[in-house]
Amino acid sequence: MTTSLIIPPGLILILGGLALPLLARLGLRAAALIVLPLLSLWLVWTLPDGAVLSTPYLGQDLIFVRADQLSRVFATVFAIMGFAGGLYALNQKSTLELAAAFVYAGSAISVSLAGDLVTVFIFWEIMAIASTVVIWSGGESSSRSAGMRYAAIHMLGGALFMAGLAGEVAATGSTAFQAMDLSTTPRVLMLAGVLINAAAPPLSAWLADAYPESSWSGMVFLSAFTTKTAVYVLLRGFPGAEILIPIGLFMVFYGIIYAILENDVRRILAYSIVNQVGFMVTAAGIGSEMAINGAAAHAFAHIIYKALLLMAVGSVVLMTGKRKCTELGGLFRSMPLTAVCCIIGALSISAFPFTSGFASKSLISSAAAYSQMEGVWLWLTIASAAVFLPDIKVPWFVFFNRDSGLRPAEPPLNMRLAMVLLAVLCIALGVFPRTLYDMLPYAVDYEPNTVAHVVYQLQLLGFAALVFFAGLTWLQPRDTITLDVDWLWRRPGRTLAAFLDQFSGYTWQWVADRVTAGAERLYRLMLSHHGPEGIFGRAWPTGLMAFWTTVMLGAVVILSYF
Amino acid sequence: MSNGDRQHGNGRPLVSEATVKTLWRVLVSALALLVAADLFVEHHPSFSIDATFAFGAWMGLAACAGTVAVALGVGALLRRPEDYYDN
């Protein structure tokens, strides 16, 4: 051990999560949910720079804690989410879900502080297991099947990452977690594993398939950690990998188009996660200092406004039991605070001026422009306008549009407090962007809130709003789903599995029949020779034995003459 | 806790036709003002395309109209009933 004075911030939440069922019995569940993330946050902020906690293992160093500006940004926002999520979920009856969520959060913090690839992998896998439990805690049959599909995809991602890691160690002898080029197959495998967690194509569908099947509080946690740890690993391990630019841009438009078509409010927000992570992946591919800053800032801002949106929608789900646009509408009358928080979240995710998203997304677009990547910048600009369409959908169809007749009350006080906290953060980071910029890995010489930039952004979003309201007839949600790549394993894959199951059943039966028949023949043969009536089983008279002995001895005497 | 009774609305519009018209007038006026603002605001374009007049306005309109068209095309191909996977 390098030092015994360092307490890993992630470990606090992991151990706290594991002990949560016991703490709940002692009446300390609420206290743990509030205090442990704050303690973890304090530990993150007090960490000195550099590798401060490591241990040798199989000839390599496992570096459990290595802090710098980049890791601290992510660890900080993960800890904030642990706190806000814990506060929001105080009423969640399932202690198992909260225990898993805290292990999940602690592992995400641990990935962001890991100093080597093996440590990254260890906590990466713990995250996969814990997040699967969070999905299963949704309690519905759809939660179980979606959780199983989610686990299968993430095990595949983990296997790819592990294969790449083993190859990297074999080729270089190093497990260093640092910027890597894509010159070797193992590194490509590692990148593929990371991209699966980032919900990149072709397997983006896992996110919108699984997350919405968690509970009203579960998705708040799920939205924060898996994809953003993947972004962190991309920023540290593969900055400037050009392949990330088309992948990220695909994610941006995939998320927008599928969200426009979707009816389930939580699934709209799930597609919107892919869309926003697409901006970060694109920035990782651009790779300049400004782009890395932009991706880190956008991850920070995104985790907060996305959690806010999911808290607002989770409140609606909890209070009405409904989650489809076609069943909701007009809720602002009885849930005004939730509506305002949802609107603030939607404005932030749309990068409305003086919100956190404006401060962060502008960095990414400007990074493309400053790097003279006109095509990338143009696609990002188109996306920045188009993203308003799905972003405005959630508050519009849930809280306005028409009177659904539902009059749910506001959610409990703790849930309102959590939403207000995050809403204030969304505004504060937009009005005082320097607070966010000062946390970033590189020095930021950028001011988003200029008159020209604000007018430009208001034009972009204002005309997007015009298209939305003018096109409402076409954009009305319908009781449909939109087929995605998961169709492959939910339809033909399932049919294939059923066929293989039947085929293997038939094959097994054929083999079993043959083996049984062979065994029966052998039994009958043995019975005929060694059974009571068999030649070897019968009792032979002593005289016959003496006769055969004489014959044998005679033969020996005759043979001895030759 | 849950209030699933449709005792108040059943899909009625939230506001009157007159209010909707007023809201439209407000939106269109605001957009006109934003376009007009470009006469007075000095932008710092990075490329030739964003040096065009009211770039944010026409880009916002074109990008969203194009995206809606693509989305409707994708929807026509890939939309299915919501119980598709249950059958």
Side-chain angles (χ1 to χ4, degrees), chain A residues 253 256-258 260-261 263-264 318-322 329-330 334 366 369-370 372 374 377-378 381-386 388-389 400-409 451-452 455-469 471 474-475 478-484 490-491, chain B residues 1-15 20 23-24 27-28 30-31 33-35 37-38 40-50 54-75 77-86:
Chain A
F253 286 96
I256 291 173
I257 287 167
Y258 272 74
I260 287 174
L261 296 170
N263 184 28
D264 183 321
L318 179 67
M319 304 308 287
T320 68
K322 298 183 187 306
S334 60
S366 298
Y370 292 177
Q372 287 300 304
E374 186 172 0
W377 169 83
L378 192 59
T381 304
I382 292 170
S384 299
F388 194 62
L389 298 170
F400 302 97
N401 189 41
R402 67 188 179 105
D403 188 356
S404 62
L406 301 170
R407 294 290 185 274
V451 174
V455 167
Y456 162 75
Q457 191 69 8
L458 287 177
Q459 285 179 350
L460 211 60
L461 298 181
F463 279 83
L466 178 69
V467 171
F468 179 82
F469 289 114
W474 296 287
L475 295 171
R478 287 191 268 156
D479 289 326
T480 57
I481 59 163
T482 310
L483 295 187
D484 203 331
R490 296 180 74 179
R491 270 297 171 95
Chain B
M1 190 183 292
S2 162
N3 183 355
D5 298 332
R6 293 182 169 235
Q7 50 195 334
H8 301 281
N10 288 321
R12 279 196 326 229
L14 286 169
V15 291
V20 172
L23 289 172
W24 266 113
L27 176 62
V28 172
L31 293 178
L33 283 174
L34 280 169
V35 172
D38 252 22
F40 309 100
V41 174
E42 186 187 350
H43 290 285
H44 307 286
S46 303
F47 307 102
S48 56
I49 190 172
D50 54 334
F55 169 71
W58 71 258
M59 173 54 81
L61 194 67
C64 290
T67 305
V68 168
V70 173
L72 292 177
V74 171
L77 284 174
L78 298 178
R79 264 183 162 164
R80 295 291 183 278
E82 61 186 358
D83 59 352
Y84 177 80
Y85 285 118
D86 302 332

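Just so it is clear, the values below take in all heavy atoms, side chains as well, and ignore hydrogens, waters and symmetry mates. Here is how names work: the chains are called A, B, and so on, in the same order as the sequence lines, proteins then strands, and each is numbered from 1.
Between chain A and the residues B:Ile49, B:Val70, B:Asp38, the largest count of heavy-atom pairs under 4.5 Å involves B:Asp38. When the candidates A:Leu458, A:Thr482, A:Leu460 are compared by the number of heavy-atom contacts under 4.5 Å with chain B, A:Leu460 comes out ahead. Highest contact tally toward chain A, considering only B:Leu14, B:Leu34, B:Val74, is held by B:Leu14 [criterion: heavy-atom pairs under 4.5 Å]. Between chain B and the residues A:Phe463, A:Phe468, A:Trp474, A:Phe253, the most heavy-atom pairs under 4.5 angstrom are made by A:Phe463. Of the listed residues (A:Ile257, A:Asp479, A:Ile382), the greatest number of heavy-atom pairs within a distance under 4.5 Å of chain B belongs to A:Asp479.
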Please tabulate, for the side chains in residues 55-63 of chain B, all donor-acceptor contacts under 3.5 angstrom to protein atoms that are two or more places apart in sequence or on a different chain.
| residue | atom | partner | partner atom | Å |
| --- | --- | --- | --- | --- |
| B:Trp58 | NE1 | B:Thr52 | OG1 | 3.2 |

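Heavy-atom distances place no part of A:Asp264 under 4.5 Å from chain B, backbone and side chain included. Looking at A:Phe469, the atoms closer than 4.5 Å to chain B (heavy atoms on both sides) sit in the backbone and in the side chain alike. Neither the backbone nor the side chain of A:Leu461 comes within contact range of chain B; no heavy atoms are under 4.5 Å apart. Residue contact with chain B, scored on non-hydrogen atoms closer than 4.5 Å, involves the backbone and the side chain of A:Leu261 alike. Using a 4.5 Å cut-off between heavy atoms, A:Ile256 touches chain B through its side chain atoms alone. Neither the backbone nor the side chain of A:Gln457 comes within less than 4.5 Å of any heavy atom of chain B. In this structure, the portions of A:Phe400 lying under 4.5 Å from any heavy atom of chain B include both its backbone and its side chain. Neither the backbone nor the side chain of B:Val15 comes within contact range of chain A; no heavy atoms are under 4.5 Å apart.
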Worked verdict on B:Phe40 versus A:Val455 for side-chain contact (heavy atoms from CB on, under 4.5 Å): CA-CA 11 Å; B:Phe40 309 100; A:Val455 167; over 6 Å; no
Check against side-chain contact (heavy atoms from CB on, under 4.5 Å), A:Trp377 and B:Asp50: CA-CA 11 Å; A:Trp377 169 83; B:Asp50 54 334; 3.5 Å; yes
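Listed by chain and residue number, A:Lys324 satisfy the side chain to side chain donor-acceptor pair (under 3.5 Å) test with B:Glu82 (two or more places apart in sequence, or in another chain).
Taking 4.5 Å as the limit, some side-chain heavy atom of B:Tyr85 sits within range of a side-chain heavy atom of A:Ile481.
At least one donor-acceptor pair under 3.5 Å links the side chain of A:Ser334 to the backbone N or O of A:Pro408.
At least one test fails for A:Arg490 against the ring of B:Tyr84: distance under 6.0 Å to the centre or angle within 45° of the axis.
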